[in-house]
Amino acid sequence: LQVLDLSSGQGLSITSIQNIVAKCDDLKEINFADTILSQDSVNFLVKNLTPKIEKVNLSGLEIMDEHIELLLEKCKQIKVTFMCPSANLT
């Protein structure tokens, strides 16, 4: 699996995110736009997403500067990101 679109999905628990990250290690694109993810889920995602990822959509999530830094540090192949402005970003 190289592309996964979960945009506007509901009911994604931390366990769901852990399973996706563990089992989808060939992902190139992932879309979580407008999903309802806990901060624990977002933290786990940015810390553990495959380094092969090239396109990430986290629009509508509570993203902080630290999340972006972790994601870009780990995933060197990212070419495109989508994130709506958040009060937590500087």
Side-chain angles (χ1 to χ4, degrees):
L1 183 65
Q2 293 190 335
V3 177
L4 183 60
D5 185 348
L6 296 168
S7 57
S8 300
Q10 297 180 17
L12 293 170
S13 66
I14 182 101
T15 304
S16 301
I17 300 303
Q18 290 168 336
N19 286 330
I20 290 166
V21 169
K23 295 178 180 173
C24 299
D25 58 350
D26 285 326
L27 280 177
K28 299 229 182 261
E29 297 181 21
I30 196 159
N31 185 348
F32 283 103
D34 299 320
T35 58
I36 300 171
L37 296 183
S38 68
Q39 278 298 300
D40 287 340
S41 294
V42 173
N43 289 334
F44 183 86
L45 181 66
V46 299
K47 289 178 184 175
N48 297 286
L49 196 58
T50 178
K52 298 175 187 174
I53 203 82
E54 296 176 4
K55 185 176 178 182
V56 179
N57 189 339
L58 302 175
S59 299
L61 299 179
E62 289 294 320
I63 301 298
M64 296 183 277
D65 291 339
E66 297 81 27
H67 293 133
I68 296 170
E69 290 169 11
L70 283 167
L71 194 59
L72 294 177
E73 183 178 302
K74 179 174 172 46
C75 304
K76 304 283 187 199
Q77 295 184 42
I78 288 182
K79 296 176 181 120
V80 179
T81 57
F82 298 95
M83 294 176 217
C84 290
S86 168
N88 298 322
L89 291 177
T90 57

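As the structure is a computational prediction, the values presented were derived from the model and not from experiment.
Between the CG atom in Leu6 and the CD1 atom in Ile17 there is a gap of 7.0 Å [rounded to 0.5 Å]. With rounding to the nearest 0.5 angstrom, the CG atom of Leu12 is 9.5 Å from the CD1 atom of Ile36. Annotation: the span from Leu72 atom CG to Gln77 atom CD amounts to 13.0 Å, rounded to 0.5 Å. How far CG of Leu37 is from CZ of Phe32: 6.0 Å, rounded to the nearest 0.5 Å. Taking CG of Leu4 as the reference point, atom CD1 of Ile53 lies at 8.5 Å (rounded to 0.5 Å). Here CG of Leu58 is found 8.5 Å from CG of Asn31. Values are rounded to the nearest 0.5 Å.
Lys52 is linked by a salt bridge (charged side-chain N to carboxylate O under 4.0 Å, His left out) to Asp26, counting only residues two or more places apart in sequence or in another chain. Applying the side-chain contact (heavy atoms from CB on, under 4.5 Å) rule to Asn48 yields the partners Val21, Phe44; only residues at least two apart in sequence or on another chain are considered. Residues passing the salt bridge (charged side-chain N to carboxylate O under 4.0 Å, His left out) test with Lys79 are Glu54, sequence neighbours excluded. Remark: Asp25 engages no residue in a side-chain contact (heavy atoms from CB on, under 4.5 Å) (not counting sequence neighbours). Annotation: side-chain contact (heavy atoms from CB on, under 4.5 Å) contacts of Glu73 (sequence neighbours excluded): none. Residues passing the side-chain hydrogen bond (donor to acceptor under 3.5 Å, both in side chains) test with Thr35: none are found, sequence neighbours excluded. Listed by chain and residue number, Val46, Lys47 satisfy the side-chain contact (heavy atoms from CB on, under 4.5 Å) test with Leu70 (two or more places apart in sequence, or in another chain).
No donor-acceptor distance shorter than 3.5 angstrom exists from the side chain of Glu62 to the backbone of Val42, with no hydrogens or angles considered.
The two residues Leu27 and Val3 come nearest to each other via the heavy atoms CD2-N, 4.0 Å. The two atoms that bring Cys24 and Thr50 nearest to each other are O-CG2, 4.2 Å, heavy atoms only.
Among residues at least two apart or in separate chains, side chain to side chain donor-acceptor pair (under 3.5 Å) pairs with a member in residues 6-19 are Asp5-Ser7, Ser13-Ser16.
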(request) Might you work through the side-chain hydrogen bond (donor to acceptor under 3.5 Å, both in side chains) test for Asp40 and Ser38, ending with a clear yes or no? (result) CA-CA 5 Å; Asp40 287 340; Ser38 68; 5.1 Å; no
